[in-house]
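A short write-up of the structure that comes next.
Both ligands and their constituent atoms are indexed starting at 1 by order of listing.
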Amino acid sequence: MRELGELNGGFAGEVVRPGDPGYDAARAVWNGTIDRRPALIVRPTSAGDVAAAVRFARDRELVVAVRGGGHSIPGFSTCDGGVVIDLSRLRGARVDPEAQTARVGGGALLGELDDAAQQHGLVCPVGVVSHTGVGGLTLGGGMGRLQRRFGLTIDSLLAVDLVTADGRHVRASEDEHPELFWGLRGAGANFGIVTAFEFRLHPLDGTVTHGVVTHPVERAVDLAARHRELVETGPDAAWASFGVALEGGRPTAYVSVLHSGPPADAERDLAPLRGLDGALTDTIETKQYLQTQHLADEATAWGHRFSMRSAFLRSLPDGVVHAWIERLDGVPEGAEGGYSVWSCGGAIAAVADEATAFTGREGRYWASAEIQWDEPELDDACRAWGRAALDEAKPYEAVGRYVNDVAEVEDGLARSIYGDAKYERLVALKRAWDPENVFRLNQNIQP
Ligand SMILES: Cc1cc2nc3c(=O)[nH]c(=O)nc-3n(C[C@H](O)[C@H](O)[C@H](O)COP(=O)(O)OP(=O)(O)OC[C@H]3O[C@@H](n4cnc5c(N)ncnc54)[C@H](O)[C@@H]3O)c2cc1C
């Protein structure tokens, strides 16, 4: 890319333009509903390249999209006509086993961090699909099966290296630009491009107890009660997700668990969940943590069409479970839709909600309605199902929403994600670090 090089004293990365052989592959993102045509896709190989790309786009007043793993549900990591700064050449995770830390490239995928950490009997709590980007996941918060024990991904974040809207290199941590570091942990896509993350790691023997118990949907309320009992009285080593879904057209209820304590403790703690008569399947057994981190990869492969709605809930009453079972009937034919509720609390709730921009730590449950389909004709019906799917749970919502799940793009949404007080604090931060809103393809904090 000669223009980039001439203008900025050397851009060593790769550039893909419309008409190039790799253009269609390079512009594809995870969610198949998103089909945009950037003017330029650049793949920096260093923080210097990233800064050059930001300056280049600014000088030409081109819209900037930043791409980590490409999994943004509303398609924030691509654009029409602008520049995509694709971080896929800034990969890799390097672990310091003595210090129990990891340094991770801004474009790395979760699987790289998991593999590198587990080689030393360590772990960083991340999400449940290995092809998700560390970048977007972390900057929004980062939820996963170890969250009750080790907290959100941001709770293990020590520092980031950032390229700012004016092309400067900045490091943010509790000691360096602490206010910026506060905002990066939950609203991070607004303030710059992270070229490297540093995480604290936690010791985790690779063996965990994991699996799923399924029942006919008639037992959903009983199963939900046992899930509630585990969430509200069980140890932080136990994470469990309750859900209802259609299996081969038949409504079923399930609980999926991961217990990271000793197998004997897991057997004791999970016994009530497994003790409900008449299970259709029970796959709970000991396995490698790394194995569990790949189990959902294929079902969530690239290219399907997808929408969702989520909320943090203070409680999960039976009436809500009944409403969800009824709403399964409304999933359009040809689509797969369902509900899941993850246990939160534990280490997430041990951090004060004000401590980071992420908002929702008071929710005991994270509830999510997800729908996946392949036929474009179903777009409207599937999106409509997703939009209304959590209506009955509204009275039980906690303050805040998980920014990484918000599929809608509307003015004013960010205020409801962070709540009024935090939103004002984020606006002040945005004015300080990105007053011209260079980084606006996100749930935007308007300067
Ligand atoms: C299949 C699937 C599974 C998921 N599972 C989980 C889960 O278990 N837990 C969970 O918490 N979330 C989960 N999510 C949600 C996920 O956290 C978000 O979709 C997240 O935004 C993805 O990050 P990404 O880097 O892959 O996406 P991208 O689309 O590349 O980026 C998302 C946003 O982050 C910005 N961004 C990305 N990298 C950087 C960077 N280095 N510097 C600055 N900005 C950056 C982008 O500009 C964009 O606004 C899942 C999503 C999918 C599609």
Side-chain angles (χ1 to χ4, degrees), residues 28-34 36 44 47 50 54 63-79 82-91 104-111 114 125-147 152-154 160-165 172 184 186-197 239 241 258 292-293 295-308 310 340 342 344 348 358 360 366 368 370 372 402-407 409 434 438-445:
V29 290
W30 178 85
N31 189 344
T33 63
I34 311 293
R36 301 203 180 118
V50 172
V54 170
V63 169
V64 173
V66 181
R67 172 174 171 154
H71 281 51
S72 160
I73 291 152
F76 287 140
S77 43
T78 183
C79 56
V83 179
V84 173
I85 303 180
D86 171 354
L87 305 175
S88 59
R89 296 288 157 91
L90 299 180
R91 284 259 169 92
V104 182
L109 305 183
L110 302 190
D114 276 339
V126 293
V128 302
V129 171
S130 77
H131 48 73
T132 312
V134 171
L137 179 122
T138 303
L139 295 169
M143 300 176 56
R145 298 186 186 102
L146 295 174
Q147 62 183 14
L152 301 169
T153 308
I154 47 171
V160 303
D161 290 348
L162 188 80
V163 170
T164 61
L184 286 168
N190 274 277
F191 301 112
I193 302 182
V194 175
T195 54
F197 293 89
W239 169 90
S241 147
L258 184 140
T292 68
Q293 287 293 85
L295 290 174
D297 284 0
E298 209 178 303
T300 59
W302 277 61
H304 298 294
R305 307 174 87 80
F306 183 86
S307 192
M308 71 182 292
S310 78
S340 67
W342 290 16
C344 300
I348 298 178
F358 175 94
W366 169 81
S368 145
E370 303 187 4
Q372 182 169 300
Y402 183 28
V403 65
N404 280 348
D405 297 337
V406 181
V409 183
D434 184 17
V438 171
F439 303 113
R440 59 176 170 274
L441 295 181
N442 43 44
Q443 292 299 348
N444 196 230
I445 310 290

(request) May I ask you to decide if D297's main-chain N or O and H131's side chain share a donor-acceptor pair within less than 3.5 Å? (result) yes

(request) Could you check V403 against D405 for side chain to side chain contact (heavy atoms under 4.5 Å, CB included), going step by step and ending with a plain yes or no? (result) CA-CA 5 Å; V403 65; D405 297 337; over 6 Å; no

(message) Among residues at least two apart in sequence or on other chains, which ones pass salt bridge (charged side-chain N to carboxylate O under 4.0 Å, His left out) with R89?
(response) E14

(request) Evaluate side chain to side chain contact (heavy atoms under 4.5 Å, CB included) for D434 paired with N190, printing each intermediate quantity in order. (result) CA-CA 8 Å; D434 184 17; N190 274 277; over 6 Å; no

(request) Identify, chain by chain and in numerical order, each protein residue with a heavy atom under 4.0 Å from an atom of ligand 1. (result) W30, V66, R67, G68, G69, G70, H71, S72, F76, S77, L87, G106, G127, V128, V129, T132, G133, G135, G136, L137, L139, G142, M143, A189, G192, I193, V194, T300, W342, Y402, N404, L441

(message) Looking at every non-hydrogen atom in both residues, tell me the closest pair between L109 and G133 and how far apart they are.
(response) CD2-CA, 4.0 Å

(request) Fit a plane to each ring of F306 and W30, take the angle between them on a 0 to 90° scale, and name the class: parallel (under 30°), tilted (30 to 60°) or perpendicular (over 60°). (result) perpendicular

